[in-house]
6 protein chains.
Amino acid sequence: MPIIRIEMWKGRDEQTKGKLIAEVTKTVCEVAKCQPEKVIVVIEDIPKENWGEAGRQASQA
Amino acid sequence: MPIIRIEMWKGRDEQTKGKLIAEVTKTVCEVAKCQPEKVIVVIEDIPKENWGEAGRQASQA
Amino acid sequence: MPIIRIEMWKGRDEQTKGKLIAEVTKTVCEVAKCQPEKVIVVIEDIPKENWGEAGRQASQA
Amino acid sequence: MPIIRIEMWKGRDEQTKGKLIAEVTKTVCEVAKCQPEKVIVVIEDIPKENWGEAGRQASQA
Amino acid sequence: MPIIRIEMWKGRDEQTKGKLIAEVTKTVCEVAKCQPEKVIVVIEDIPKENWGEAGRQASQA
Amino acid sequence: MPIIRIEMWKGRDEQTKGKLIAEVTKTVCEVAKCQPEKVIVVIEDIPKENWGEAGRQASQA
């Protein structure tokens, strides 16, 4: 039943995203004792100009 | 006052999204007794490579 | 596959939430042509003091 | 039209949240040129045991 | 520690987004007494066809 | 830089949440090549009456 959302900068390729989905699902199921069939992972690619840390836009850092 | 967010795979056309907004707003207002004027719907189109179920990337399924 | 998140003020009872889940799932499936088995609905109860519209806190409105 | 969601540790009082709603709404409207009437702010209080930075749970830090 | 997410219609340029990140971070820190170093802002650009108010799609309004 | 949000049913204890934060951070950093210092994990505990799958409220399943 868990839903996992990962917000990260744009730029990972399809294969890395696939690995991220597989590995995060496995980790969550091991720790929280849930069935992989019930886990959903959604990745959100965020452009650097839409991301700020400490008041600074990541595209300008 | 409700905010409704719908995450789904990319690929619905503008007309389907418009219908989704209208119908979901109507349904929520009927059940939760709220005014349509106060309802916001936000649709997020998720690419299949960013979506995983049961540890498998939807673009590879 | 859709995930639907509904943010609304705290205070609906369990039965109303159950009806909301059932009816919204039905509406989304009819419009977006998806299987009910794939739909997840998550309701978030927001206290009025945590909700603001037009710069005014709902608990003070 | 903007929706602003603020996730922060539990523990702010109602007055601080009210001020946060008012001031953030004002700031966003000034910068993004939108009408305050259209802005919604939702605050989410997160318990420290549900928050992690650098792999460490905030309640244990 | 706050995470601030701003959902708004597509169309702001990079400079406006940068200013939004800087000013919202400043406002939140002043009101909630937190360090700017700990604040993350994420902007989500929503196409008008994905946004509905009062049951009406913003692209059709 | 990634922000990871995990929505799951209420009921995990503090220790399990701590382990979830630690392990998910580790997994994401290994796969996506990022520094643990930059990772934030937020867990959202969802009551079963607020969660629906296939149109059925989890508290009634």
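Chain letters run A, B, ... following the sequence lines, proteins first and then strands; every chain starts at 1. What you see below is based on every heavy atom in this structure, not just the backbone, and it leaves out hydrogens, waters and symmetry mates.
Between chain B and the residues C:I40, C:V28, C:I46, the most heavy-atom pairs under 4.5 angstrom are made by C:V28.
For B:R12, the part lying near chain C is the side chain, with the backbone staying farther off; criterion is any non-hydrogen pair under 4.5 Å.
Counting heavy atoms of neighbouring residues, nucleotides and ligands inside a 6.0 Å radius, atom CD of C:E30 exceeds 12 of them. More than 12 heavy atoms of other shown residues, nucleotides or ligands fall within 6.0 angstrom of atom CD in B:E37.
Atom-to-atom distance recorded for C:R5:CZ and B:I6:CD1 is 12.5 Å, nearest 0.5 angstrom. In this structure, CE on C:M8 lies 11.0 Å from CD1 on B:I3, to the nearest 0.5 angstrom.
A salt bridge links B:E53 to C:K38: at least one charged side-chain nitrogen sits closer than 4.0 Å to a carboxylate oxygen.
Residues from residues 18-25 of chain C that place a non-hydrogen atom less than 4.5 Å from a non-hydrogen atom of chain B comprise C:K19, C:L20, C:E23, C:V24, given in numerical order.
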